Amino acid sequence: MKKQELATGIVHYVFDAEPGKYFASSVTAIVSGNKAILIDAAYDFQIPKILEDLTSNHIEIENIIITHFHDDHMQGLKVLPKVPVYGSRYFQDTLDKWTKKEEHIFFTPSFVVYEPLTLSFGEHTLTLIPFPGHSLCGLLVNIDNKFIHIADELMFSPDGVPLLPISDGKDMQRHIDSLHRLENYGDFTLIPSHGSVFSAENLDDEIKNRITYLNAVLESKGTINYEDATKDCTCTFLHSEWHRGNCVSI
């Protein structure tokens, strides 16, 4: 696990990818004094490393924000201290789709976000922004009007190489629409849930490549091969094997 302080009180933890893979989770901690708000909770086998680091610095977790209710963002809630959790109004739709009913109790948020919600936390200001895209229950988090946590709208390897977007065929147009909306955040430093923090000077190209790919898949109704779907992209995506899943889902 790598730990990077992006600014005073903003800490980004990035876990290592599994051998032979490039997909790795991350968690962002917003720290004020001896308290912290976590953005996402990773997997239950990963989050204890962050908890250990915070505890060693005498920092307690006060709140947790779940950017969307997929396993790699929320399973850590099973082992973290029971603190208030913020999540999208559409959390139940995602839990019903992907999670066993008997496990919903672990992941149901304490506070449901219906519209942009601003939290004051010491010297920090966080705004939780409903952002259906990759997932219906997506939330963006504006941190101090300097950083924007973009969840899985754009994904990268730990060293910053683009990962192929993952999108359920039934919701692919929603993901495309969300990428267009992401263009509004060109003044921010972007924090993805998977990969390195990056400056907005590269944002337009990152967005364009993913829209180009997703549009090609959608327009072909899932019949296009990976090479043709990416021929107009200016990057090479890692995890091209995900392409089949994107096509099958349509």
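All of these numbers come straight from a predicted model, not from anything done at the bench.
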Check the pair R210, E206 against side chain to side chain contact (heavy atoms under 4.5 Å, CB included), reporting the backbone distance first and the verdict last.
CA-CA 7 Å; R210 287 159 177 82; E206 299 292 356; 2.9 Å; yes
Contact list for residues 15-31, test side chain to side chain donor-acceptor pair (under 3.5 Å), sequence neighbours left out
H12-S26
Hydrophobic cluster membership, with links at side-chain heavy-atom distances under 4.5 Å among I/L/V/M/F/W/Y: are [X] and [Y] in one?
X	Y	result
V141	V197	yes
L51	L77	yes
I59	I143	no
L154	F188	yes
V113	I150	no

Would you call the rings of Y86 and F111 parallel, tilted or perpendicular, taking 30° and 60° as the class edges?
parallel
How are the rings of H239 and W242 set relative to one another: parallel (under 30°), tilted (30 to 60°) or perpendicular (over 60°)?
parallel
Measuring only between side-chain heavy atoms, which start at C-beta, is [X] closer than 4.5 Å to [Y]?
X	Y	result
E115	R89	no
V83	L38	no
N142	Y185	no

How about [X]: does its [atom1] atom have over 12 heavy atoms from other parts shown lying under 6.0 Å from it?
X	atom1	result
E241	CD	yes
K49	NZ	no
N184	CG	yes
E123	CD	yes
K82	NZ	yes

Kindly indicate, with the supporting measurements, whether the criterion salt bridge (charged side-chain N to carboxylate O under 4.0 Å, His left out) is fulfilled by E103 and K78.
CA-CA 9 Å; E103 291 200 334; K78 288 184 174 182; 2.8 Å; yes
Nearest-0.5 Å distance that lies between atom CG in N209 and atom OG1 in T230:
9.5 Å
Between N225 and H243, the two heavy atoms sitting closest are C-NE2, 3.4 Å
Which atom pair, heavy atoms only, marks the closest approach of H134 to I166?
ND1-O, 3.0 Å
Derivation and outcome, side-chain hydrogen bond (donor to acceptor under 3.5 Å, both in side chains), residues H73 and D40
CA-CA 5 Å; H73 298 263; D40 284 338; 2.8 Å; yes
Test log, rule side-chain hydrogen bond (donor to acceptor under 3.5 Å, both in side chains), inputs H194 and D72:
CA-CA 10 Å; H194 303 283; D72 53 323; 3.0 Å; yes
Do the ring centers of F198 and F156 come within less than 6.0 Å of each other?
yes
Centroid separation under 6.0 Å, is that true for the rings of W98 and F107?
no
Passing option when L140 is tested against T67, L128, L182, L190 for side-chain contact (heavy atoms from CB on, under 4.5 Å):
L182
Counterpart residues, side chain to side chain contact (heavy atoms under 4.5 Å, CB included), relative to K97 (two or more places apart):
D168, D171
